[in-house]
Amino acid sequence: MRFTFNTKFTVLCLWMCVIFLLSHQNGQDSSETSGILLELLKFIGIGPGSSVQGALSYLVRKAGHFSEYLILAVLFLRYRKEQGSSGKSAFYAFLFVFLYASSDEFHQSFIPGRGPVFSDVLIDTAGGLTGIMLYEWKQRMMARQNPIYSKK
């Protein structure tokens, strides 16, 4: 049996580890992750306790969730394409993202200061769905520009 190194699978697994490590931060550390934004807001005159600062901090944190899973879905689809899988890849990517997001929220229930939030699963899944749509759109555009590409 011959071992071959699969770069796309490795990158997918590494990204899953990044998501796991980010969700493994305790509540305090997780809040400090968006501290750079808070410092920037202070610099432009939006101080602590401002409703704008709180809303922007919340949006940035949720955009992080969305982006993490958008990337996860694209990496999953790239790996599936390399394996020659087609047909239901978008469905499998959607299912994979939803299940990983659900397991991530379950994992957070064991982290001090954190807890499972189903709305985060929905945000994560929406990010994954957006990634799937962008990936599929790009594949169709590339196939139109180069018909040989669609046969690969």
Side-chain angles (χ1 to χ4, degrees), residues 1-139 142:
M1 185 163 145
R2 185 171 177 222
F3 174 77
T4 57
F5 183 77
N6 187 310
T7 305
K8 289 186 170 96
F9 182 72
T10 303
V11 171
L12 173 63
C13 291
L14 287 173
W15 189 250
M16 291 170 67
C17 289
V18 166
I19 292 172
F20 179 86
L21 291 172
L22 287 171
S23 69
H24 198 69
Q25 294 176 323
N26 65 39
Q28 179 66 31
D29 291 343
S30 178
S31 295
E32 290 173 5
T33 302
S34 58
I36 294 170
L37 171 70
L38 300 178
E39 291 302 317
L40 177 63
L41 291 173
K42 281 187 220 173
F43 180 74
I44 61 173
I46 300 173
S50 165
S51 61
V52 173
Q53 185 185 49
L56 285 175
S57 178
Y58 178 81
L59 286 173
V60 165
R61 292 173 63 79
K62 298 309 168 186
H65 274 267
F66 187 90
S67 302
E68 288 173 358
Y69 285 86
L70 183 149
I71 294 167
L72 183 66
V74 169
L75 292 174
F76 181 86
L77 287 168
R78 289 184 66 215
Y79 168 68
R80 292 273 300 173
K81 182 177 181 189
E82 180 181 81
Q83 298 303 304
S85 302
S86 61
K88 296 182 181 180
S89 287
F91 172 75
Y92 290 134
F94 180 79
L95 185 62
F96 176 75
V97 166
F98 175 76
L99 292 174
Y100 196 74
S102 298
S103 71
D104 185 52
E105 290 303 314
F106 177 71
H107 165 241
Q108 287 182 29
S109 68
F110 299 101
I111 307 300
R114 303 284 297 264
V117 180
F118 188 68
S119 63
D120 283 352
V121 173
L122 296 177
I123 292 168
D124 298 343
T125 304
L129 184 58
T130 302
I132 292 165
M133 292 187 315
L134 289 172
Y135 181 86
E136 293 295 329
W137 175 77
K138 180 186 174 218
Q139 294 302 308
M142 291 175 74

Rounding to 0.5 Å, atoms OH (Y100) and CE (M16) come to a distance of 4.5 Å

With a 4.5 Å heavy-atom cut-off, do N6 and E82 have their side chains touching? yes

**Asked** Would you find a donor on one side and an acceptor on the other, under 3.5 Å apart, between the side chain of Q108 and the backbone of P116?
**Response** no

Residues at least two apart in sequence or cross-chain that pass salt bridge (charged side-chain N to carboxylate O under 4.0 Å, His left out) with D120, listed by chain then number, are K62

Note: V97 and A73 closest approach over all heavy atoms is CG2-CB, 3.8 Å

Y92 and R80 have their tightest heavy-atom pair at CD1-NH2, 3.3 Å

Residues passing the side chain to side chain donor-acceptor pair (under 3.5 Å) test with Q83, sequence neighbours excluded, are none

Value for NE2 (H107) from CD1 (I19), rounded to nearest 0.5 Å, stands at 12.0 Å

Here the gap from L129 atom CG to L134 atom CG, rounded to the nearest 0.5 Å, amounts to 9.5 Å

| query | Does the separation of the ring centres of F5 and F9 fall below 6.0 angstrom? | reply | no

Closest non-hydrogen atoms of F76 and L12, given as atom of the first, atom of the second and distance, are N-CD1, 3.9 Å

Rounding to 0.5 Å, atoms CZ (R61) and NE2 (H65) come to a distance of 6.5 Å

K8 vs L75 side-chain heavy atoms within contact, under 4.5 Å = no

**Request:** Would you check if Q139 and L77 make a side-chain contact, meaning some heavy-atom pair closer than 4.5 Å?
**Result:** no

Given 3.5 Å as the limit, does a donor-acceptor pair link the side chain of W15 with the main chain of E68, or not? yes

Side chain to side chain, E136 and I132, heavy atoms closer than 4.5 Å: yes

Original post:
Relative to each other, are the rings of H24 and F20 parallel, tilted or perpendicular (30° and 60° limits)?
Top reply: parallel

Value for SG (C17) from CG (L22), rounded to nearest 0.5 Å, stands at 11.0 Å

With sequence neighbours left out, the residues meeting side chain to side chain contact (heavy atoms under 4.5 Å, CB included) with L122 are F118

Interatomic distance, OG@S67 vs CG@D124, rounded to 0.5 Å, equals 10.5 Å

Between T125 and F98, the two heavy atoms sitting closest are OG1-CD1, 3.5 Å

S23 and I111 have their tightest heavy-atom pair at O-CG1, 3.8 Å

